[in-house]
Number of protein chains: 2
Amino acid sequence: MAFNIGLLLYIPYRALEDRVYEAVAAAGFTDITMAQSRVFQRISQAGSRVTELADRAKVTKQTASALVQALEDGAYVERVPDPTDARASLVRVAPRGAAATAIAAAEIARIEAEWRRELGPARYDRLIRDLEVLRRLTDE
Amino acid sequence: MAFNIGLLLYIPYRALEDRVYEAVAAAGFTDITMAQSRVFQRISQAGSRVTELADRAKVTKQTASALVQALEDGAYVERVPDPTDARASLVRVAPRGAAATAIAAAEIARIEAEWRRELGPARYDRLIRDLEVLRRLTDE
DNA sequence: TGATTCTAGTCAGTCTCCCTGACCATAATC
DNA sequence: GATTATGGTCAGGGAGACTGACTAGAATCA
């Protein structure tokens, strides 16, 4: 079986996501889904609008809206009115969301350490830089 | 916004998949979905069993079975009885599937050429090798 | 200013994906 | 020969994501 670059990107991605998801669930955050976390990851420090999250996660705003609603129901995020636009609201990470983020970050750090050990630090850092180039190219 | 390695893998992957999907659809193969193509990609030359495809694509065999059924309905694959096991059948790529594969492969080649140009050939090849290491590590 | 157009977001409906649980038929094991 | 394991399907359900239609407020422009 020949692996194209797509699969080479996808397989480690999927493995990482699965492990993070399990770690977060094991810590008691069992009411969060991957789709929700993909949106969640894109919330900026100052708070993000639903439309903004939809664009970044490349889903429709209806989908983003439903995912944010579920995150809000689970107390992972909170919505506050946007002071600059009465139509909009800002989605912000709530304390419970921050707690889950900490668990996820710890697991990601663990995985990165494993991968870094496997490839060697220099090669790993280079890989990150190269992927960053592709990210900029494709994440317009 | 800080990008963890997960997002750095996911964003280019997603961009590539979207482009390939669009190219395939533009060539007239509009009745195929991404989930179907993820299973399709894992069919080996000699034919693969449904259970095997499920394992490789990391979905349940029920899911794989339904996706193979849809691919069969669209004439992308065909199922033949497995001569070595009366319970099993072998899923094989059918002519229409091969035609769609050719379109997809051409688009992937185009994207790879762009990425190779962007990174430079040596750096690109190195990236592929590094990703292959991660793939082996995570695709047990 | 007032009318038009644009934008943020929701509601409703539908389809696909993917899961769990139950089950059947054949194969492997003891 | 009985039990257990494996390949696969059927049924049912929840989540994700889409399109289309709509409301409220913002921006534009005549």
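Worth saying up front: this structure is predicted, and the values here are computed from it rather than measured.
Side chain of B:E52 to backbone of B:R49: a donor-acceptor contact under 3.5 angstrom is found. Looking at A:R79, its side chain never comes within 3.5 Å of a backbone N or O of A:S89 through a donor-acceptor pair.
For the 3.5 Å distance criterion, the side chains of A:Y76 and A:Q36 fail to qualify, holding no donor opposite an acceptor. Of the N and O atoms on the side chains of B:Y13 and B:E17, at least one donor lies less than 3.5 Å from an acceptor on the other residue.
Of the side-chain N and O atoms in A:R79, none sit less than 4.0 angstrom from OP1 or OP2 of C:dA8. Side-chain nitrogen and oxygen atoms of A:T60 include none within less than 4.0 Å of the OP1 or OP2 phosphate oxygen of D:dA17.
Of the candidates C:dT10, D:dG25, D:dG7, D:dG25 carries the atom nearest the A:D85 side chain, counting heavy atoms from C-beta on. Distance from the side chain of A:V50 is smallest for C:dT10 among the nucleotides D:dG7, D:dC18, C:dT10. Out of D:dG7, D:dA26, C:dG9, the shortest distance to the side chain of A:A86 is found at D:dA26. Checking D:dG7, C:dT10, C:dA8 against the side-chain heavy atoms of A:R87 singles out C:dA8 as nearest.
If you check every strand for non-hydrogen atoms under 4.0 Å, B:T63 touches a base. Residue contacts shown for A:S65 are limited to sugar-phosphate atoms, with no base heavy atom under 4.0 Å away. B:Q62 comes within contact range of at least one nucleobase, with a heavy-atom separation under 4.0 Å. When heavy atoms are screened at a 4.0 angstrom cut-off, A:D82 is found touching no nucleic acid atom at all.
B:T138 contributes atom OG1, which lies 6.5 Å from atom CD1 of A:I11 (distance to the nearest 0.5 angstrom).
Comparing A:K61 and B:R38, the nucleotide of DNA chain C nearest to each residue sits closer to the 5' end for A:K61.
Both tests hold for A:R38 against B:Y10: distance to the six-membered ring centre under 6.0 Å, angle to the ring axis within 45°.
Sorted by residue number, the list of members of residues 26-35 of chain B with any non-hydrogen atom under 4.0 Å from DNA chain D is empty.
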